[in-house]
Amino acid sequence: MSAVEIDGLTKRYGDVTAVSDLSLSVDRGEIVGFLGPNGAGKSTTINVLLGFLDPTAGEVSVLGTDVTTDPQSVKARVGLLPEAFEPVPNLTGREHVAAAVETKGADDDPDALLDRVGLAPEDARRPADDYSTGMFQRMALAVALVGAPDLLVLDEPSAGLDPNGVQLVREIVREEADRGAAVFFSSHILDEVERVSDRVGILQNGELTAVNSVENLRDDLGMGAVVSATVDAVPDLDPIRAVDGVTDASVDGSTVRVACAAPGAKMVALRRLDDRTTVADVTIEESSLEDLFEAYTAEGPETEAATETDANDGAGGRADDGDARAATAGGERA
Ligand SMILES: Nc1ncnc2c1ncn2[C@@H]1O[C@H](COP(=O)(O)OP(=O)(O)OP(=O)(O)O)[C@@H](O)[C@H]1O
């Protein structure tokens, strides 16, 4: 059984289709990164997943439970780092975590959790409303980790963190997956998503345009790697161009650049080059997730969600507006 099973999810806000016929599953122990330009529908999907919003159509089950029929039992087994976590005035970081421990009926030691996310003990005892963005984000992550949840849903977990914090989040996400939790997170930091995710879902205009490992996405688009070799003397490059999976070979001074669409082509091309000249140095540049993101979201990062033009569907306007935003902000509060 998958930890998350989304089948044909559509969510409309009045005449705006925020998510359209989205299907996706996340296994236990799997980390799935959710990418998409602003307004692509990531937060809406997360809010439906957690039972904060009802889907317009489709089915969503979390840990075997339908979220629309039993959202409470789903929430008890999920750890959420919401997009906008608002602190309770005057409550310290430690008290926020302790409140979450109590609400969930868990037995975690708040200090141990805060230590794990790198919040210093003296900061843990200060009111959270005085925290810097990064300190606050660390505390919110500690709250999400309470009760060793079976599913961790993290909306922009690295937002506002310094490089050490980003690295720490990556380690924690991996540790959580290793203990068997499914991790579903959204991010705009592509490098981050690439490093930590087993699979990546790319959302645009409410539609999932791709879901796969970064490696397979590269292969699907034929966006492989570029091998750059510094050589003593540039040989005839036709035999290199003839290698299966090589799409181009060019010269820049003493550097030969070989573009490879297929993973196996790199070594074959390099050997062939090495047979014909002395290769002094080599670098291999894989196409980044950024390149893939651009390719899969061709309209660019500021695209608006699809607007539903069906006149019969216009009655609701932005009626869900308040609910959805409040749900996001208050999602994990005690
Ligand atoms: N409560 C709401 N009422 C009406 N429209 C909404 C509501 N919430 C979101 N939308 C619209 O639905 C679309 C998807 O928004 P959503 O917040 O899910 O995107 P997102 O991918 O999380 O964006 P971002 O990366 O900017 O956080 C957008 O066009 C947005 O304006």
Side-chain angles (χ1 to χ4, degrees), residues 4 6 8-24 26 32-58 60 67-68 71 80-86 133 136-137 140 144 152-161 169 183-194 197 199-211 289-290 292-294 296-310 313-332:
V4 173
I6 304 176
L9 169 65
T10 293
K11 176 65 190 176
R12 291 194 196 101
Y13 300 102
D15 59 0
V16 174
T17 300
V19 178
S20 174
D21 196 23
L22 183 148
S23 296
L24 176 72
V26 184
V32 174
F34 210 32
L35 285 172
N38 292 132
K42 302 179 297 293
S43 298
T44 299
T45 305
I46 287 176
N47 279 323
V48 173
L49 186 67
L50 297 167
F52 295 133
L53 282 176
D54 282 337
T56 307
V60 180
V67 287
T68 53
L80 168 66
L81 173 64
E83 189 182 23
F85 183 132
E86 280 173 27
T133 314
F136 195 76
Q137 191 72 349
L152 262 179
V153 177
L154 311 174
D155 207 342
E156 296 283 339
S158 301
L161 290 179
V169 166
V183 184
F184 185 64
F185 79 103
S186 77
S187 178
H188 289 290
I189 308 176
L190 305 183
D191 178 53
E192 172 71 4
V193 176
E194 175 164 18
S197 308
R199 282 188 304 145
V200 175
I202 299 180
L203 196 64
Q204 182 172 33
N205 291 343
E207 289 180 16
L208 203 54
T209 55
V211 54
L289 187 54
E290 216 148 317
L292 292 172
F293 184 75
E294 262 175 40
Y296 279 105
T297 58
E299 290 170 62
E302 296 299 335
T303 322
E304 288 298 313
T307 300
E308 185 65 55
T309 49
D310 182 355
D313 192 48
R318 290 173 64 98
D320 285 22
D321 196 60
D323 283 359
R325 301 242 151 93
T328 310
E332 191 68 2

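Atoms within a ligand are numbered from 1 in the order they appear, just like the ligands themselves.
The main-chain N or O of Val193 is never found under 3.5 Å from a side-chain atom of Ser187 such that the two would form a donor-acceptor pair. A donor-acceptor pair under 3.5 Å is absent between the side-chain atoms of Thr17 and the main chain of Arg12, judged by distance alone. Checking side-chain atoms of Lys11 against main-chain N and O of Asn47 turns up no donor-acceptor pair under 3.5 Å.
Within ligand 1, the atoms closer than 4.0 Å to a non-hydrogen atom of Glu83 are 27 (O), numbered from 1 in the order shown. Near Ala40, meaning under 4.0 Å from any of its heavy atoms, are these atoms of ligand 1: 19 (O), 20 (P), 21 (O). Atom numbering of ligand 1 starts at 1 in the shown order; those under 4.0 Å from a heavy atom of Thr44 are 15 (O), 16 (P), 18 (O). Every atom of ligand 1 is numbered from 1 in the order shown, and the set under 4.0 Å from a heavy atom of Lys42 is 18 (O), 19 (O), 20 (P), 21 (O), 22 (O), 23 (O), 24 (P), 25 (O). Contact atoms of ligand 1 toward Asn38: 23 (O), 24 (P), 25 (O), 26 (O) (distance under 4.0 Å to a heavy atom of the residue).
Residues forming a side-chain hydrogen bond (donor to acceptor under 3.5 Å, both in side chains) with Thr209 (at least two apart in sequence, or on another chain): none. Residues satisfying the ring pair (Phe, Tyr, Trp, His ring centres under 6.0 Å) criterion with Phe34, sequence neighbours excluded, are Phe184.
Heavy-atom proximity to atom 28 (C) of ligand 1, evaluated over Gly36, Gly39, Gly14, is greatest for Gly39.
The shortest N or O to N or O distance between Ala18 and ligand 1 is not under 3.5 Å.
Partner Thr44 forms a side chain to side chain contact (heavy atoms under 4.5 Å, CB included) with one of Leu49, Leu53, Leu203 and no other, that one being Leu53.
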